[in-house]
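Worksheet: the structure to be examined is printed underneath.
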Amino acid sequence: MRILLVEDEPKMAAAIAKGLRREGYAVDTAVAGDDALLQARVYEYDAIVLDVMLPSVNGFAVCDTLRREGRWAPVLMLTARDQLEDRIRGLDVGADDYLVKPFSFPELLARLRAALRRRPRERPAVLEVGDVSLDPATHAVRRAGRPVALTAKEFALLHYMMEHQREALTRTALLEHVWDANYVGPSNVVDVYVGYLRKKLERPFGRALIRTVRGVGYVLEPE
């Protein structure tokens with residue numbers, strides 16, 4: 001999942017981004033409201049973590065603008081303001097959830113997972129495709145009941161593909177949603193990681209899971 005984190009306090013932003021990346025999310029950052037709007041217009045984010053108190057354009061205005069423009073990525077607002085009126089205002093401009101600082105990082109993750117499950121259709125807490133199951137909360141992956149150990153990036157790639165099962169996904173779409181804008185590396189990184197997933201989820205079980213679509217990319221389509 002690709003997340004836009006909008007937070008102008010450097011230490012807070014660095015800590016949240018580090019934690020999200022450790023969980024396997026691709027994270028882009030912005031420090032001001034106008035920067036956030038620019039990035040959200042360029043990239044299709046899976047969710048936005050948005051601080052309220054920002055320079056140039058505040059979080060309320062950012063969220064309101066995104067919704068007016070028809071951009072429906074879930075928005076989790078962060079604020080040090082615990083007034084009921086502020087929470088109501090955030091929800092009224094289109095935020096999906098509201099988290100008051102200081103907060104625990106596990107709670108932020110839980111709220112983010114819940115918001116992701118609700119976009120744009122309800123998603124179960126544990127994803128299942130054929131005999132493969134994936135639990136975003138515990139990072140547990142199983143095939144035919146057997147646990148499969150994945151790295152954070154392998155998990156993120158499988159997670160995205162399971163949410164879009166039986167859809168032909170281009171390499172560009174996979175790169176944009178699983179890796180962030182700061183990625184610098186081989187252009188075939190998607191192919192490499194699909195190879196890792198096949199090695200762990202196909203070969204030991206003797207049946208396919210990911211099919212190559214010539215000229216397009218890949219589709220998760222278990223036998």
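Because only heavy atoms are used, hydrogens play no part in the values below, and waters and symmetry mates are left out as well, while side chains stay in. Nothing fancy with the numbering, it's 1 onward along the sequence.
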Euclidean distance, [Y] [atom2] relative to [X] [atom1], rounded to 0.5 Å:
{"X": "D8", "Y": "T29", "atom1": "CG", "atom2": "OG1", "result": "12.0 Å"}
{"X": "E107", "Y": "L112", "atom1": "CD", "atom2": "CG", "result": "12.0 Å"}
{"X": "L158", "Y": "L220", "atom1": "CG", "atom2": "CG", "result": "6.5 Å"}
{"X": "M53", "Y": "L78", "atom1": "CE", "atom2": "CG", "result": "13.5 Å"}

Could you tell me which non-hydrogen atom of [X] sits nearest to which non-hydrogen atom of [Y], and how far apart they are?
{"X": "P147", "Y": "R142", "value": "CD-NH1, 3.5 Å"}
{"X": "C63", "Y": "G94", "value": "SG-C, 3.6 Å"}
{"X": "D96", "Y": "P74", "value": "OD1-CA, 3.1 Å"}
{"X": "L209", "Y": "E202", "value": "N-OE2, 2.8 Å"}
{"X": "V194", "Y": "I210", "value": "CG1-CG2, 4.0 Å"}
{"X": "H177", "Y": "E44", "value": "CE1-O, 3.2 Å"}

Just checking, any donor-acceptor pair under 3.5 angstrom between side chains of [X] and [Y]?
{"X": "Y45", "Y": "D28", "result": "yes"}
{"X": "T65", "Y": "R41", "result": "no"}
{"X": "Y218", "Y": "D191", "result": "yes"}

Are any of the side-chain heavy atoms of [X] and [Y] separated by less than 4.5 Å?
{"X": "E163", "Y": "L127", "result": "yes"}
{"X": "V62", "Y": "L66", "result": "yes"}
{"X": "Y196", "Y": "L150", "result": "no"}
{"X": "I16", "Y": "F103", "result": "yes"}
{"X": "D97", "Y": "M77", "result": "no"}
{"X": "F60", "Y": "T79", "result": "no"}

Check for me, please, whether [X] and [Y] land in the same ILVMFWY cluster - side-chain distances under 4.5 Å, paths through other members count.
{"X": "V75", "Y": "L5", "answer": "no"}
{"X": "M12", "Y": "F105", "answer": "yes"}
{"X": "V31", "Y": "L37", "answer": "no"}
{"X": "V192", "Y": "V148", "answer": "yes"}
{"X": "M1", "Y": "I48", "answer": "no"}

Legend entry - Criterion salt bridge (charged side-chain N to carboxylate O under 4.0 Å, His left out) on E85 and R89, from CA distance to verdict: CA-CA 6 Å; E85 293 80 5; R89 184 181 176 191; over 6 Å; no
Inset, instruction - Using the side chain to side chain contact (heavy atoms under 4.5 Å, CB included) rule, take M161 and L157 through it: C-alpha gap first, then chi angles, then the decisive distance, then the call. - result: CA-CA 6 Å; M161 295 184 78; L157 178 58; 4.1 Å; yes
Look only at the side chain of [X] and the backbone of [Y], and say whether a donor-acceptor pair between them is shorter than 3.5 Å.
{"X": "H139", "Y": "E23", "answer": "yes"}
{"X": "E128", "Y": "L134", "answer": "no"}
{"X": "K200", "Y": "E154", "answer": "no"}

Inset, instruction - Check the angle between the aromatic planes of H164 and Y160 and answer parallel, tilted or perpendicular using the 30° and 60° thresholds. - result: tilted
Inset, instruction - Anything under 30° is parallel, anything over 60° is perpendicular, the rest tilted; go ahead and classify W179 against Y193. - result: perpendicular
Inset, instruction - Determine, stepwise, if the pair V6 / V49 fulfils side chain to side chain contact (heavy atoms under 4.5 Å, CB included). - result: CA-CA 6 Å; V6 191; V49 179; over 6 Å; no
Inset, instruction - Start with the C-alpha gap between R198 and T212, add the side-chain angles, then the distance that decides, and say whether side chain to side chain contact (heavy atoms under 4.5 Å, CB included) holds. - result: CA-CA 11 Å; R198 283 173 164 162; T212 301; 2.9 Å; yes
Inset, instruction - Carefully, step by step, assess D64 and R71 under the rule salt bridge (charged side-chain N to carboxylate O under 4.0 Å, His left out). - result: CA-CA 10 Å; D64 184 53; R71 305 178 194 281; over 6 Å; no
Legend entry - Quiz item: cation-pi between R143 and F205, 6.0 Å / 45°: yes
Inset, instruction - Please indicate whether E69 has more than 12 foreign heavy atoms, meaning atoms of other residues, nucleotides or ligands, lying under 6.0 Å from its CD. - result: yes
Presence of salt bridge, [Y] and [X], under 4.0 angstrom:
{"X": "R207", "Y": "D131", "result": "yes"}
{"X": "R2", "Y": "E176", "result": "no"}
{"X": "K101", "Y": "D51", "result": "yes"}

Inset, instruction - May I have the step-by-step check of side chain to side chain contact (heavy atoms under 4.5 Å, CB included) for L20 and L109, ending in yes or no? - result: CA-CA 8 Å; L20 290 174; L109 284 176; 3.8 Å; yes
